[in-house]
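Residue numbers start from 1 in every chain, and the chains themselves are labelled A, B, ... in the order their sequence lines are given, proteins ahead of strands.
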Number of protein chains: 2
Amino acid sequence: MVSNSENIPDAENFPAEINGLRMTRQRREVYKSLMENRVHPTAQDVFMEVKDKLPQISLATVYNCLEALVQHGIIRQVHFDRESCRYCPNLHEHGHFHDHSTGKIHDITFKPGVKLEDFLELPAGTQITNIELTLRGSLA
Amino acid sequence: MVSNSENIPDAENFPAEINGLRMTRQRREVYKSLMENRVHPTAQDVFMEVKDKLPQISLATVYNCLEALVQHGIIRQVHFDRESCRYCPNLHEHGHFHDHSTGKIHDITFKPGVKLEDFLELPAGTQITNIELTLRGSLA
DNA sequence: AAAAGATCAAGAATGATTCTTATTTTTATT
DNA sequence: AATAAAAATAAGAATCATTCTTGATCTTTT
């Protein structure tokens, strides 16, 4: 159980809106599912999870909810090649390590204080708004 | 013209095989197209380019050729979100900067001597076999 | 309570990629 | 050089994640 390490509010006292996005029943369950098990699920995965709580929810609605949450900066979308998009409620700047031996995806953080210019040759005047870093390999 | 900064052999004296991959007419034209204009094209882009030389080539064959070239370590496949895959003959370790103001994609190299452990918190025992780094933004 | 606006469910549409199959080309064998 | 076996190609069908469309259902505002 991951539970209270991150203070996930339960249904009753869940905020009515987050970052200006109204928390409907569907959005709340989608978001809670992401918060409760940090497995970088696909839309399909979330759909199956959430159906326990809202049996009538549709896959299209899960896509809508995920999109809305992404647009409001509540979750992040991550990509591995051209596989299904995955979703992640960790908003801290981080990359991902795809462990091929287990199939699991792990968050990778930058060392404190590191800046892009420290390790990349960036052309002068580059304004970076988004970084996506993906490592692949295995834990020996 | 990019031409001879990288010594692209012309059709006649093109190697019969590269990294153990036999250079058929189709593979050769696909590869030459990538080498000659470094624009990170999609399969569709390459298809249109190569049709000038081989009018009867099919899109499926372009996909086959690109796949074969990737499998033999002759080119790299790169991904931007879930857009069409793009291809790149630059085999040096590098990332990509997607400039939203122009739509262009630029190669970004690491500063010489930089190692992953220098800027990332890598769990002990991680064996990295592949890195994909994508930056988005604009040139101010 | 009525009207306007948002959200939702269901299924159709889209688009990149992969797969299938028959044909053609290349290579190996006689 | 002729034949057999293997590899590559063309064409189009199939797949699969995602987006779009439409009508129905909630929510909020009036």
Q.
Under the side chain to side chain donor-acceptor pair (under 3.5 Å) definition, can you give me all pairs with a residue in residues 41-51 of chain B, not counting sequence neighbours?
A. T42(B)-D45(B)

Q) Parallel, tilted or perpendicular for F119(B) and F119(A), by the 30°/60° rule? A) parallel

Q.
So if I define the base as every atom that isn't primed, P, OP1 or OP2, how would nucleotides 17-30 of chain D read as a B/S/- string at a heavy-atom cutoff under 4.0 Å?
A. SBBB------SS--

Could you tell me how far apart [X] ([atom1]) and [N] ([atom2]) are, to the nearest whole angstrom?
X: H72(B); N: dA7(D); atom1: NE2; atom2: P; value: 12 Å
X: Q56(B); N: dG12(D); atom1: CD; atom2: P; value: 14 Å
X: K51(B); N: dT9(D); atom1: NZ; atom2: C1'; value: 15 Å
X: Q26(B); N: dA11(D); atom1: CD; atom2: C1'; value: 14 Å

Q. Does S101(A) have any side chain to side chain donor-acceptor pair (under 3.5 Å) partners at least two apart in sequence or in another chain, and if so, which?
A. D99(A)

Q. Quick one: side chain to side chain donor-acceptor pair (under 3.5 Å) partners of H72(A), sequence neighbours excluded?
A. none

**Q.** salt bridge (charged side-chain N to carboxylate O under 4.0 Å, His left out) assessment of D118(B) paired with K111(B)
**A.** CA-CA 11 Å; D118(B) 296 342; K111(B) 294 217 167 185; over 6 Å; no

Q: Take H79(B) and E132(B), measure what side-chain hydrogen bond (donor to acceptor under 3.5 Å, both in side chains) needs, and give me the verdict at the end.
A: CA-CA 8 Å; H79(B) 307 274; E132(B) 196 153 346; 4.5 Å; no

Q | DNA chain C: 5'-most and 3'-most nucleotides touching chain A, 4.0 angstrom heavy-atom criterion | A | dA6(C) to dT17(C)

Q: Using a cut-off of strictly less than 4.0 Å, decide whether T24(B) has a side-chain nitrogen or oxygen near OP1 or OP2 of dA8(D).
A: no

Q: Compute the ring centroids of H96(B) and H40(B), then answer whether they are less than 6.0 Å apart.
A: yes

Q: Provide the full list of salt bridge (Lys or Arg N to Asp or Glu O under 4.0 Å) pairs with a residue in residues 53-64 of chain B, sequence neighbours left out, each pair given once.
A: E29(B)-K53(B)

